[in-house]
Amino acid sequence: MEEINKKRSEKAQLRYEMAHLKDYGEYKKACERIANRFYGTERPEGMQIDHKYSIHDGYLNGVPAPVLSHHFNLRLVTAEENNSKGTGSVITLEELYKGTGEPWDGRKEIKVLTRTCKGCGNSIKFTNQHKNTRFCNKTCRSKYKYKEEVAKSKTVNRKCVICGKSFPIKEIFKTATCGPECRNKHTHPWWRQAHE
(Lines give C-alpha, C1' and ligand atoms only; values in the text may rest on other atoms or scores of the structure.)
Protein backbone atom coordinates (compact mmCIF):
# COMPACT_ATOMS: atom_id res chain seq x y z
CA MET A 1 0.00 0.00 0.00
CA GLU A 2 2.86 2.33 0.85
CA GLU A 3 4.42 1.66 -2.57
CA ILE A 4 1.11 2.47 -4.34
CA ASN A 5 0.79 5.77 -2.44
CA LYS A 6 4.39 6.66 -3.29
CA LYS A 7 3.75 6.03 -6.99
CA ARG A 8 0.56 8.13 -6.87
CA SER A 9 2.45 10.96 -5.18
CA GLU A 10 5.24 10.82 -7.78
CA LYS A 11 2.66 10.83 -10.59
CA ALA A 12 0.87 13.86 -9.11
CA GLN A 13 4.19 15.70 -8.67
CA LEU A 14 5.10 15.08 -12.31
CA ARG A 15 1.64 16.33 -13.37
CA TYR A 16 2.19 19.53 -11.36
CA GLU A 17 5.65 20.05 -12.84
CA MET A 18 4.31 19.67 -16.40
CA ALA A 19 1.04 21.63 -15.94
CA HIS A 20 2.46 24.85 -17.47
CA LEU A 21 2.84 22.95 -20.76
CA LYS A 22 -0.88 22.14 -20.86
CA ASP A 23 -3.97 24.37 -20.82
CA TYR A 24 -4.53 27.29 -18.44
CA GLY A 25 -7.32 25.55 -16.48
CA GLU A 26 -5.10 22.58 -15.62
CA TYR A 27 -2.22 24.88 -14.67
CA LYS A 28 -4.45 26.97 -12.38
CA LYS A 29 -5.83 23.84 -10.70
CA ALA A 30 -2.30 22.50 -10.09
CA CYS A 31 -1.15 25.83 -8.59
CA GLU A 32 -4.18 26.00 -6.28
CA ARG A 33 -3.72 22.40 -5.08
CA ILE A 34 -0.07 23.00 -4.22
CA ALA A 35 -0.96 26.26 -2.44
CA ASN A 36 -3.62 24.43 -0.40
CA ARG A 37 -0.97 21.96 0.75
CA PHE A 38 0.91 24.84 2.34
CA TYR A 39 -2.02 26.79 3.81
CA GLY A 40 -4.57 24.01 4.13
CA THR A 41 -8.15 24.43 3.00
CA GLU A 42 -9.25 26.23 6.18
CA ARG A 43 -8.24 29.86 6.54
CA PRO A 44 -9.53 32.95 8.39
CA GLU A 45 -12.96 34.11 7.25
CA GLY A 46 -12.87 36.45 4.26
CA MET A 47 -9.23 35.63 3.50
CA GLN A 48 -7.96 34.07 0.27
CA ILE A 49 -4.64 32.67 -0.94
CA ASP A 50 -2.97 34.99 -3.40
CA HIS A 51 0.02 34.32 -5.62
CA LYS A 52 2.23 37.43 -5.52
CA TYR A 53 3.46 36.51 -8.98
CA SER A 54 0.07 35.69 -10.47
CA ILE A 55 -1.09 32.38 -11.94
CA HIS A 56 -1.91 34.20 -15.18
CA ASP A 57 1.62 35.62 -15.53
CA GLY A 58 3.11 32.30 -14.40
CA TYR A 59 1.35 30.45 -17.20
CA LEU A 60 2.29 33.16 -19.71
CA ASN A 61 5.97 32.80 -18.78
CA GLY A 62 6.05 29.01 -18.43
CA VAL A 63 6.71 28.92 -14.68
CA PRO A 64 6.28 25.37 -13.34
CA ALA A 65 3.38 25.12 -10.86
CA PRO A 66 5.60 23.98 -7.92
CA VAL A 67 7.76 27.12 -8.37
CA LEU A 68 4.74 29.44 -8.66
CA SER A 69 3.06 27.96 -5.57
CA HIS A 70 6.24 27.98 -3.46
CA HIS A 71 5.47 29.40 0.00
CA PHE A 72 7.59 32.50 -0.83
CA ASN A 73 5.05 33.45 -3.52
CA LEU A 74 1.94 32.89 -1.37
CA ARG A 75 0.17 35.27 0.96
CA LEU A 76 -3.23 35.56 2.62
CA VAL A 77 -5.21 38.62 1.53
CA THR A 78 -8.81 39.77 1.78
CA ALA A 79 -11.16 38.83 -1.05
CA GLU A 80 -11.50 42.53 -1.92
CA GLU A 81 -7.72 42.98 -2.22
CA ASN A 82 -7.42 39.81 -4.29
CA ASN A 83 -10.18 40.93 -6.69
CA SER A 84 -8.70 44.43 -7.09
CA LYS A 85 -5.31 42.88 -8.01
CA GLY A 86 -6.95 40.91 -10.84
CA THR A 87 -4.50 38.88 -12.94
CA GLY A 88 -1.56 41.24 -12.28
CA SER A 89 1.54 40.48 -10.23
CA VAL A 90 3.03 42.41 -7.30
CA ILE A 91 6.54 41.04 -7.84
CA THR A 92 8.61 40.43 -10.99
CA LEU A 93 9.52 37.08 -12.51
CA GLU A 94 13.13 37.60 -11.42
CA GLU A 95 12.03 38.29 -7.80
CA LEU A 96 9.94 35.10 -7.88
CA TYR A 97 12.88 32.93 -8.94
CA LYS A 98 15.30 34.57 -6.50
CA GLY A 99 12.80 34.30 -3.63
CA THR A 100 12.13 30.62 -4.26
CA GLY A 101 15.83 29.81 -4.63
CA GLU A 102 15.33 28.54 -8.17
CA PRO A 103 18.00 29.32 -10.81
CA TRP A 104 17.19 32.49 -12.75
CA ASP A 105 18.09 32.46 -16.45
CA GLY A 106 17.59 36.18 -17.04
CA ARG A 107 14.93 35.73 -19.72
CA LYS A 108 12.67 38.57 -20.73
CA GLU A 109 9.32 38.56 -18.97
CA ILE A 110 6.25 38.26 -21.20
CA LYS A 111 3.37 40.46 -20.07
CA VAL A 112 1.00 40.17 -23.04
CA LEU A 113 0.86 37.83 -26.01
CA THR A 114 0.29 39.29 -29.47
CA ARG A 115 -0.56 37.86 -32.87
CA THR A 116 -1.85 39.13 -36.21
CA CYS A 117 -5.61 39.24 -36.80
CA LYS A 118 -6.52 36.81 -39.60
CA GLY A 119 -9.17 39.22 -40.82
CA CYS A 120 -7.56 42.68 -41.05
CA GLY A 121 -3.88 41.94 -40.34
CA ASN A 122 -3.68 44.26 -37.31
CA SER A 123 -1.80 43.18 -34.19
CA ILE A 124 -4.05 41.84 -31.41
CA LYS A 125 -3.30 41.22 -27.75
CA PHE A 126 -4.61 38.11 -26.03
CA THR A 127 -4.25 36.17 -22.80
CA ASN A 128 -3.80 32.49 -22.14
CA GLN A 129 -7.48 32.14 -21.25
CA HIS A 130 -8.20 33.30 -24.81
CA LYS A 131 -5.21 31.79 -26.57
CA ASN A 132 -7.30 30.63 -29.54
CA THR A 133 -8.24 34.23 -30.41
CA ARG A 134 -7.61 34.77 -34.12
CA PHE A 135 -9.56 37.99 -34.76
CA CYS A 136 -9.62 41.45 -33.20
CA ASN A 137 -13.44 41.65 -33.20
CA LYS A 138 -16.65 39.99 -34.40
CA THR A 139 -16.74 42.04 -37.63
CA CYS A 140 -13.30 40.77 -38.67
CA ARG A 141 -14.32 37.20 -37.84
CA SER A 142 -17.54 37.49 -39.90
CA LYS A 143 -15.76 39.03 -42.90
CA TYR A 144 -13.05 36.35 -42.81
CA LYS A 145 -15.60 33.56 -42.47
CA TYR A 146 -17.58 34.97 -45.40
CA LYS A 147 -14.44 35.20 -47.61
CA GLU A 148 -13.49 31.65 -46.62
CA GLU A 149 -16.98 30.35 -47.48
CA VAL A 150 -16.91 32.13 -50.84
CA ALA A 151 -13.44 30.73 -51.62
CA LYS A 152 -14.57 27.19 -50.74
CA SER A 153 -17.85 27.48 -52.67
CA LYS A 154 -17.72 25.92 -56.14
CA THR A 155 -18.51 27.87 -59.31
CA VAL A 156 -21.72 26.77 -61.06
CA ASN A 157 -23.55 27.82 -64.22
CA ARG A 158 -26.94 29.35 -63.46
CA LYS A 159 -29.72 30.32 -65.86
CA CYS A 160 -30.81 33.96 -65.76
CA VAL A 161 -34.51 34.19 -64.74
CA ILE A 162 -35.03 37.10 -67.18
CA CYS A 163 -33.22 36.31 -70.45
CA GLY A 164 -32.45 32.61 -69.91
CA LYS A 165 -28.72 33.11 -70.59
CA SER A 166 -26.33 30.86 -68.62
CA PHE A 167 -23.78 32.66 -66.38
CA PRO A 168 -21.02 31.48 -63.98
CA ILE A 169 -21.56 32.23 -60.28
CA LYS A 170 -20.30 30.96 -56.92
CA GLU A 171 -22.87 28.51 -55.56
CA ILE A 172 -23.06 30.36 -52.22
CA PHE A 173 -24.59 33.45 -53.90
CA LYS A 174 -28.35 33.56 -54.54
CA THR A 175 -28.03 35.84 -57.61
CA ALA A 176 -30.77 35.02 -60.12
CA THR A 177 -29.84 37.33 -63.01
CA CYS A 178 -26.88 37.57 -65.40
CA GLY A 179 -26.21 41.31 -65.13
CA PRO A 180 -27.43 44.82 -64.12
CA GLU A 181 -30.00 45.14 -66.92
CA CYS A 182 -31.72 41.85 -66.09
CA ARG A 183 -31.38 42.59 -62.36
CA ASN A 184 -33.26 45.90 -62.78
CA LYS A 185 -36.05 44.15 -64.68
CA HIS A 186 -36.18 41.43 -62.03
CA THR A 187 -36.26 43.78 -59.02
CA HIS A 188 -38.48 46.54 -60.52
CA PRO A 189 -42.04 46.38 -59.10
CA TRP A 190 -43.84 46.57 -62.51
CA TRP A 191 -41.87 43.56 -63.79
CA ARG A 192 -42.74 41.50 -60.73
CA GLN A 193 -46.45 42.42 -61.00
CA ALA A 194 -46.49 41.49 -64.70
CA HIS A 195 -44.98 38.05 -64.02
CA GLU A 196 -46.84 37.01 -60.87
- prompt: Is there a donor-acceptor pair closer than 3.5 Å between any side-chain N or O of Lys52 and the backbone N or O of Phe72?
  reply: yes
query: So, does Lys98 use its side chain to make a donor-acceptor pair with the main chain of Leu93 at under 3.5 Å?
result: no
query: With hydrophobic residues grouped by side-chain heavy-atom distances under 4.5 Å, do Trp104 and Leu96 end up in a single group?
result: yes
task: Please go through Phe135's hydrophobic cluster and name the other residues, only I, L, V, M, F, W, Y counting, with side-chain heavy atoms under 4.5 Å joining them.
output: Tyr144
query: Do Leu76 and Ile91 sit in the same hydrophobic cluster, where Ile, Leu, Val, Met, Phe, Trp and Tyr count as joined when their side-chain heavy atoms come under 4.5 Å apart?
result: no
- prompt: Is it true that a side-chain atom of Ser153 and a backbone atom of Glu171 form a donor plus acceptor pair closer than 3.5 Å?
  reply: yes
field: Student check: side-chain heavy atoms of Ile169 and Thr155 closer than 4.5 Å
entry: no
message: Using side-chain heavy atoms (C-beta onward) and a distance below 4.5 Å, is Tyr39 in contact with Leu74?
response: yes
- prompt: Any donor-acceptor pair under 3.5 Å linking the side chain of Ser54 with the backbone of Thr87?
  reply: yes
message: Same cluster or not: Tyr97 versus Tyr59, using hydrophobic residues (I, L, V, M, F, W, Y) connected whenever any side-chain heavy atoms lie under 4.5 Å apart?
response: yes
message: Checking the side chain of Ser84 only, and the main-chain atoms of Glu81 only, is there a donor and an acceptor separated by less than 3.5 Å?
response: yes
task: Please check if Ile55 and Val90 belong to a single hydrophobic cluster, counting links between Ile, Leu, Val, Met, Phe, Trp and Tyr side chain heavy atoms closer than 4.5 Å.
output: yes
- request: Could you note down all residue pairs passing salt bridge (Lys or Arg N to Asp or Glu O under 4.0 Å) where residues 146-161 supplies at least one of them, sequence neighbours left out?
  value: none
task: Could you tell me whether a side-chain N or O of Asn73 sits under 3.5 Å from a main-chain N or O of Leu68, the two making a donor and an acceptor?
output: yes
- request: Kindly say whether Gln48 contributes a backbone atom to a donor-acceptor pair with the side chain of Asn82 at under 3.5 angstrom?
  value: no
field: Single-linkage hydrophobic cluster Phe173~Val161, side-chain heavy atoms < 4.5 angstrom
entry: no
field: Main-chain N/O of Thr92 paired with Glu95 side-chain donor or acceptor, under 3.5 Å
entry: yes
message: Apply side-chain hydrogen bond (donor to acceptor under 3.5 Å, both in side chains) to residues Asn61 and Tyr53 and explain how you reach the verdict.
response: CA-CA 11 Å; Asn61 287 280; Tyr53 192 77; 3.0 Å; yes
message: Looking at Val63, is its backbone amide N or carbonyl O close enough to the side chain of Tyr27 to form a donor-acceptor pair, meaning the two atoms are under 3.5 Å apart?
response: yes
- prompt: Is Lys170 atom NZ crowded by more than 12 heavy atoms from other residues, nucleotides or ligands, each under 6.0 Å away?
  reply: yes
